[in-house]
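Below you'll find the structure, written out as structure tokens, and then a few comments.
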Amino acid sequence: MADNTPIDRSVEDDLGPIKVVRIYDPITKTQGIVVVDNVACGPSIGGIRMAPDVTEQEVFRLARAMTLKNAAAGLPHGGGKAGIVADPSADGKERTVRAFARAIRDLHEYIPGPDMGTDETAMAWILDEIGRVVGLPRVLGGIPLDELGATGFGIAVAAEVAAPYRDVKLEGARVAIEGYGNVGYHAARFLEERGAVLVAASDSKGAVSKPGGIDSSELQNTRREKGSVVHHPNATRMKREELLTVDCDILVPAARPDSIHGDNAKAIQAKLILQGANIPATAEAEAILHERGVLVVPDFIANAGGVICASVEFHGGTEKSAFEQIESKIRRNTAETLERCTQQKTTPRDAAVAMAKERVQEAMTYRRAT
Ligand code: NAD
């Protein structure tokens, strides 16, 4: 991320970004960027990505994604994102994060949160430096969203709303989870509470299936104790990629970007896909799935539970109110997205983007024009 290059203006449009700040701290040599995309709905919330190869272009795209996600979720927050060019596993992480925090002290339009390479400990350092952050440890007033399964809970709520659109009944529905981690495990658990049956799951080491059903908590214990779902007893081991095309009703991709692509989208058997990961399918794959009648609830609608939880934490709310808000907001937004795409005959993603943009544009009309 060289800081003598001109800012890439190709990403600029009527929504933003409104502010781009390049950071350099000469003492720690910390280098980074903050992109505040849009603040019409309120101060922006978005994570700090810490990686040696994080690019400005990536931070611009992620900041816009947060504008749409926060607006779609109906939060009083705009979208922003930050990148720190550093290896999070290297010595001196605390010094680097603290230096970055001090550099953004006066950038009040941006509220940092955790992302790749940063966690609740890093957020605690930032709170200590500037007093403005989300994703804190419980002892500092944080709501531990991964431990509670905020995002997985939201996915189960989205499934409840979307299932009737494809004549899927959650009671007895067969679920496959790609990426049995924080999002994937809790999605399975909350779907199971609604009567669904987990029939297959994967992680980075491979996949397992069992058409008769796998207990989600027992599978989580196997992963914790033995390091991977592949060691689960009495389940059939499969290749990692086979998970996506396994016989099931509901598929939750909750691992990496672009795992559903043009080559495997045609073989997917699920009727309903809830995107737990961010951009788990390419645009080509989403078009193929739409054409085939597979209903895809897009990432920034289905996986908004985490950011809703973060917003409730920022405003001093409790765990209980976080879950109430996730339930009501995801229920409403999934329903509105699916109604719009039925009426307007568009894809769910196009409908969701249009809905989010309308909300941002409406909020912008209340802002001073000159
Ligand atoms: P995590 O690290 O807890 O879990 C990821 C899981 O995916 C792990 O089990 C890992 O082994 C597995 N995995 C990695 N590569 C894989 C592959 N190629 N095939 C199959 N499995 C693979 O992460 P997480 O917090 O559950 O996040 C998962 C995704 O959801 C990420 O894309 C993240 O950005 C997104 N997301 C997370 C949250 C949240 O609240 N944690 C919110 C919104 C979006």
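Nothing fancy with the numbering, it's 1 onward along the sequence. Counting starts at 1 for both ligands and their atoms, in listed order.
- Note on ring orientation: taking the six-membered ring where Trp is involved, the planes of His77 and His315 are tilted (angle from 30° to 60°).
- Within a 6.0 Å radius of CZ in Arg331, more than 12 heavy atoms belonging to other residues, nucleotides or ligands are found.
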Below 3.5 Å only, please: the N or O atoms of ligand 1 paired with protein N or O atoms, distance on each line.
from	atom 1	to	atom 2	distance (Å)
ligand 1	3 (O)	Asn182	N	2.9
ligand 1	3 (O)	Asn182	ND2	3.2
ligand 1	9 (O)	Tyr180	O	3.3
ligand 1	11 (O)	Ser204	N	3.0
ligand 1	11 (O)	Ser204	OG	3.3
ligand 1	21 (N)	Asp203	O	3.4
ligand 1	26 (O)	Asn182	N	3.1
ligand 1	26 (O)	Val183	N	2.8
ligand 1	32 (O)	Ala255	O	3.1
ligand 1	34 (O)	Asn278	ND2	3.4
ligand 1	40 (O)	Thr151	OG1	2.6
ligand 1	41 (N)	Asp146	OD1	3.0

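- Side chain to side chain, Thr28 and Asp25 meet the donor-acceptor criterion of an N or O pair below 3.5 Å.
- With a 6.0 Å radius and a threshold of 12 heavy atoms from other residues, nucleotides or ligands, Arg256 has its CZ atom at or below the threshold.
- Judged by distance alone, the side chain of Arg292 and the main-chain N or O of Ala265 form a donor-acceptor pair under 3.5 Å.
- By the 30° and 60° cut-offs, the orientation of the rings of Phe190 relative to Phe323 is tilted.
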